[in-house]
Amino acid sequence: MEPAEIAIKIFFVGLAYAIGAVPFGYVLTKRFSDADIRTGGSGNVGATNVSRVAGKKLGLITLICDVLKGAVPVFLAGAMGAGNPGGADTLMAFAALAAFLGHLYPIYSGFKGGGKGVATACGGFLVAAPLACLAAIGVFAGGVVLSRRVSAGSLLGALSLPVGVWGIYGSDPLFAASAIVALLVIVRHRTNIQRLLSGNEPPFF
């Protein structure tokens, strides 16, 4: 691989992180509501808390934006790696992980105040491993319906993602990225896990 090609790919992964770091939940609530998402509800900038604090319409728009900021970089990565399946998988895996980490640890706020990354990871893997991601979405939806808690669905969906990626695609880079995503989703939900175990996690509906 030529140095120029390496530099371009490093730049591209950095761009994926920068896109993933855009806090759409904060931007939208600041622009279109009187709520401060950082102090309302759980203080999280993700779509679930936006729905609670600023209404379901803004929550849905936030969800779409967070999905797109994972999907767009991975789509571009796949286009860059077209014709080289192994290379495409690797670049898409790095792009998906970079966008996800950007959402969790946004540079624009000193790497603090990020969300839990579920929607952004979903967007990335809808492009990189669509069948596995759709299966994980099904697990997520079932978990939410049965428990009435988004956090429970998110945890179940995250755990199922690497299983589906490996079982359907058998791609080492995508499996590694999905496993890291699952682990970090669990870490980011640690307070939710405590509330779920104690029966204090508030229902979403």
Side-chain angles (χ1 to χ4, degrees), residues 1-28 45-47 60-108 111 114-141 154 157-185 188:
M1 189 180 295
E2 297 294 328
E5 186 179 355
I6 295 173
I8 290 171
K9 289 183 176 180
I10 292 173
F11 170 79
F12 183 83
V13 172
L15 180 63
Y17 168 84
I19 293 172
V22 177
F24 282 109
Y26 172 72
V27 172
L28 289 168
V45 297
L60 178 60
I61 297 171
T62 300
L63 175 65
I64 293 169
C65 290
D66 284 350
V67 169
L68 285 174
K69 73 182 186 181
V72 170
V74 177
F75 175 80
L76 295 175
M80 282 185 64
N84 182 4
D89 276 4
T90 299
L91 191 54
M92 285 193 295
F94 274 114
L97 193 56
F100 173 74
L101 290 173
H103 184 80
L104 265 61
Y105 308 107
I107 190 172
Y108 312 116
F111 306 104
K116 293 173 181 175
V118 174
T120 301
C122 178
F125 281 93
L126 270 175
V127 177
L131 294 178
C133 190
L134 288 172
I137 290 172
V139 173
F140 162 81
S154 297
L159 288 170
S160 69
L161 179 62
V163 176
V165 168
W166 182 252
I168 297 171
Y169 297 94
S171 167
D172 289 341
L174 292 176
F175 172 73
S178 64
I180 293 170
V181 164
L183 176 62
L184 288 176
V185 167
R188 297 291 280 194

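Please read these numbers as outputs of a predicted model, since none were measured by experiment. Just the heavy atoms: all of them, side chains too, but no hydrogens, waters or symmetry mates, feed the values below.
- Between the CZ atom in Phe140 and the CG atom in Leu161 there is a gap of 13.0 Å [rounded to 0.5 Å].
- In this structure, CG in Leu68 is found 12.5 Å from CZ in Phe75, a value given to the nearest 0.5 Å.
- Across every non-hydrogen atom of Pro173 and Ala93, the tightest pair is O-CB, 3.4 Å.
- Between Leu91 and Met80, the shortest heavy-atom contact is CD2-CB, 3.9 Å.
- Taking CZ of Phe125 as the reference point, atom OH of Tyr169 lies at 11.0 Å (rounded to 0.5 Å).
- Taking both residues in full, the closest heavy atoms of Lys69 and Ala21 are given as NZ-C, 4.5 Å, listed atom of the first, atom of the second, then distance.
- Between Asp89 and Ser171, the shortest heavy-atom contact is OD2-OG, 3.0 Å.
- How far CZ of Phe100 is from OH of Tyr17: 12.5 Å, rounded to the nearest 0.5 Å.
- Contact check for Phe111 versus Leu104: no side-chain heavy atoms found under the 4.5 Å cut-off.
- When all heavy atoms are compared, the tightest approach of Cys122 to Cys133 is O-SG, 3.4 Å.
- Side-chain atoms of Arg188 never come within 3.5 Å of backbone atoms of Gly117 as a donor-acceptor pair (strictly under, hydrogens ignored).
- Atoms CG and CZ, on Asp66 and Phe24 in that order, are 7.5 Å from each other to the nearest 0.5 Å.
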Quiz prompt | Step-by-step side chain to side chain contact (heavy atoms under 4.5 Å, CB included) determination, Leu126 to Leu134 | solution = CA-CA 7 Å; Leu126 270 175; Leu134 288 172; 4.0 Å; yes

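- In this structure, Leu159 CG and Leu183 CG are separated by 10.0 Å, a value rounded to the nearest 0.5 Å.
- For the pair Gly46 and Thr62, the tightest heavy-atom approach, listed with the atom from each and the gap, is C-CG2, 4.2 Å.
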